[in-house]
Amino acid sequence: MLADTKTNTAKLNGDEKRETLTITDNRTGKAYEIPIAEETIRAMDLRQIKVNADDFGLMTYDPAFMNTASTRSRITFIDGDKGILRYRGIPIEQLAEHSSYLETAYLILFGELPTPAQFKDWEYKILHRTFLHENIKVLMQAFRYDAHPMGMFISTVAALSTYYPEAHEIHDADTRLKQIIRLIAKVPTIAAYSYRHIRGLPYIYPDNALSYTGNFLRMLDSMTHSKYEPNPVKERALDVLFILHADHEQNCGTNAMRAIGSSHVDPYSAMAGAAAALYGPLHGGANEEVLRMLSHIGNVKNVPDFIERVKKGEGRLMGFGHRVYKNYDPRAKIIKQTADDVFKVTGVNPLLEIALELERIALQDEYFIKRKLYPNVDFYSGLIYQAMGFPVTFFPVLFAIPRTVGWLAQWQELLLDPEQKIARPRQIYTGHSARDYVAMDAR
Ligand code: COA
């Protein structure tokens with residue numbers, strides 16, 4: 001259908017159709033014609049619907065934004081029914097096969113794949129900003145020996161804003177880009193310091209001669225000053241996982257980034273809030289739940305019994321189902337392949353057999369088919385991370401590192417969007433109407 005945005009008319013089979021919605025307010029008998037653009041009506045167009053002149057006007061009620069677009073975005077496209085995920089139009093499968101995390105990050109931020117010269121420059125800039133101020137190291141050392149690495153990550157990202165006061169100049173494009181580069185460059189170092197901290201190991205400084213993920217692996221694993229060679233299979237697997245987690249349009253953490261960023265605070269403070277959202281078990285913590293579930297099942301022979309209990313409503317099959325994907329999560333397919341590669345190096349995770357059996361049975365069971373429940377990104381990612389030796393508390397940090405570019409691209413898009421203002425939802429007040437204060441002795 002071709003729509004004329006000025007008149008909101010469209011040609012359909014030769015007939016003139018109006019791209020509008022007519023609403024009749026049965027309280028007043030009045031009819032309103034509201035434009036439809038991009039299969040959406042504007043909530044503010046409902047405000048004109050009033051019973052009388054003093055009336056505030058009609059609002060929409062949409063807890064959890066189940067059917068509300070908060071922005072127009074050019075970054076990430078998802079078709080949940082078809083299981084499609086694309087960054088800037090390019091399918092995730094192609095990026096996972098041919099691209100690197102840093103190249104994908106460039107694409108997400110700038111909208112196009114870099115030329116060789118642009119990539120060289122971009123890579124150089126990122127890899128040469130990986131160091132943290134020494135005081136940040138001292139700050140991180142002050143955490144308890146058993147601090148959750150995600151708590152350390154969030155606090156340290158927030159603390160960075162005090163090191164770069166110019167970051168408040170969010171309307172200056174050059175300053176913005178400088179902070180974006182700093183954040184992408186420094187998050188692996190923060191993550192690695194938090195990892196070394198909980199293990200009681202000395203922090204390792206970055207090696208800018210290595211790749212983004214190679215350097216990260218070195219900061220995690222290196223034990224001596226001899227030359228560290230990252231395992232190429234692990235390095236590539238981590239890079240692929242980073243590509244898959246780089247952005248996912250308006251999810252909880254990204255929405256937090258945009259909401260906080262809309263107050264025009266600096267990006268470090270906004271990103272600390274986004275990372276805090278990711279910390280929650282309903283968002284970045286699901287892969288940990290998958291591992292718990294698999295360990296609880298314990299043996300392949302217990303799988304049919306477990307599935308029966310799930311079907312009776314006695315628990316959920318963790319790592320299955322998604323609010324948006326009603327098909328196989330495209331990221332889960334790629335991760336399954338990546339898992340095979342990693343297990344060749346690390347040895348098979350004993351829980352894999354249980355996971356495969358769960359998937360096999362669930363995918364042919366009427367309960368799961370009817371509800372369109374398929375494996376999501378978390379079903380296999382935890383198995384890979386565990387096989388690579390990461391503790392479960394580190395899983396959300398491994399998610400936050402690559403999501404940094406998504407948060408920053410969405411934050412920048414928000415700032416450059418003339419339609420955006422400070423995010424401030426309405427409410428339906430359900431409390432008391434006006435009443436008088438009662439003195440303490442009269443209560
Ligand atoms: N196992 C078993 N049943 C499930 C299920 C799961 N993982 N996920 C959803 N269902 C069932 C629900 O019980 C419900 O059944 P009903 O219609 O008989 O009541 C139906 O499927 C719809 O579920 P609903 O909770 O309304 O879907 P949602 O879109 O709100 O939830 C998730 C999406 C992701 C929260 C949900 O699928 C879930 O909890 N999955 C497990 C946790 C997980 O893997 N999270 C990571 C997401 S990336």
Side-chain angles (χ1 to χ4, degrees), residues 37-38 40-44 59-78 80 85-89 104-111 150 153-154 157-158 160-161 164 167-173 175-184 187 245-280 282-284 322-324 377 396 399-427:
E38 294 155 308
T40 307
I41 61 162
R42 283 184 178 253
M44 280 304 286
M59 293 194 308
T60 54
Y61 175 55
D62 190 8
F65 299 109
M66 294 286 288
N67 195 37
T68 295
S70 62
T71 187
R72 303 174 86 245
S73 180
R74 301 173 67 83
I75 301 172
T76 292
F77 173 80
I78 299 176
L85 169 62
R86 300 183 196 128
Y87 299 151
R88 301 284 187 180
T104 299
Y106 185 101
L107 169 75
I108 287 174
L109 265 174
F110 301 106
M150 197 60 181
F153 182 88
I154 294 165
V157 168
L160 279 186
S161 77
Y164 308 110
H168 291 287
E169 292 163 28
I170 52 151
H171 296 298
D172 183 82
T175 310
R176 234 178 14 240
L177 182 59
K178 204 166 181 183
Q179 314 318 314
I180 289 173
I181 290 172
R182 276 186 176 135
L183 268 164
I184 295 172
V187 283
H245 286 90
D247 194 49
H248 212 228
E249 52 117 308
Q250 307 311 314
N251 56 83
C252 178
T254 302
N255 185 54
M257 181 81 192
R258 281 180 173 262
I260 301 170
S262 77
S263 76
H264 289 178
V265 72
D266 68 87
Y268 302 97
S269 304
M271 208 182 102
L278 188 71
Y279 191 4
L282 294 186
H283 191 0
H322 196 275
R323 175 64 60 76
V324 179
V377 68
F399 191 157
I401 295 170
R403 185 52 59 85
T404 296
V405 71
W407 287 328
L408 293 166
Q410 301 267 354
W411 166 73
Q412 176 148 270
E413 191 177 64
L414 165 104
L415 294 176
L416 298 177
D417 182 346
E419 279 204 299
Q420 291 291 344
K421 292 168 184 270
I422 186 162
R424 206 302 183 187
R426 293 276 168 185
Q427 67 165 8

[X]: which residues meet the side-chain contact (heavy atoms from CB on, under 4.5 Å) condition with it, sequence neighbours left out?
X    : result
T76  : I78, L85, Y87, D247, E249
S269 : S161, V265, D266
A259 : A423

### Task
Just do the side-chain hydrogen bond (donor to acceptor under 3.5 Å, both in side chains) check on E413 and S73 with the steps written out, would you?
CA-CA 7 Å; E413 191 177 64; S73 180; 2.6 Å; yes
Closest heavy-atom pair and its distance - [X], [Y]:
X    : Y    : answer
N255 : S70  : OD1-OG, 4.4 Å
W411 : G261 : CD1-CA, 4.0 Å
T40  : E38  : OG1-O, 2.8 Å
A277 : G253 : CB-CA, 3.7 Å
M59  : R426 : SD-CB, 3.5 Å
P267 : M257 : O-CE, 4.1 Å

Is [Y] close to [X] at the side-chain level, that is, under 4.5 Å between some pair of heavy atoms?
X    : Y    : answer
L278 : W407 : yes
H248 : V377 : no
L160 : R182 : no
L109 : I184 : yes

### Task
Please assess Y164 against L183 for the test side chain to side chain contact (heavy atoms under 4.5 Å, CB included), listing each intermediate value before the final yes or no.
CA-CA 11 Å; Y164 308 110; L183 268 164; over 6 Å; no
Quick one: [atom1] on [X] to [atom2] on [Y], what's the gap to the nearest 0.5 Å?
X    : Y    : atom1 : atom2 : result
N251 : R323 : CG    : CZ    : 12.0 Å
R403 : L408 : CZ    : CG    : 12.0 Å
M271 : I260 : CE    : CD1   : 11.0 Å

With sequence neighbours excluded, tell me which residues meet side chain to side chain donor-acceptor pair (under 3.5 Å) with [X].
X    : value
R176 : Q412
D417 : none
T68  : D62

### Message
I'd like to know if the side chain of Q179 reaches the main chain of T175, judged simply by a donor and an acceptor atom lying under 3.5 Å from each other, with no hydrogens or angles considered.
### Response
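At least one qualifying donor-acceptor pair exists.
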### Donor on one side chain, acceptor on other, T71 and R258, under 3.5 Å
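Judged by distance alone, the side chains do pair up.
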### Message
I'd like to know whether I422 forms a side chain to side chain contact (heavy atoms under 4.5 Å, CB included) with H264, so could you lay out the CA-CA distance, the side-chain angles of the two residues, the decisive distance to 0.1 Å, and finally the verdict.
### Response
CA-CA 8 Å; I422 186 162; H264 289 178; over 6 Å; no
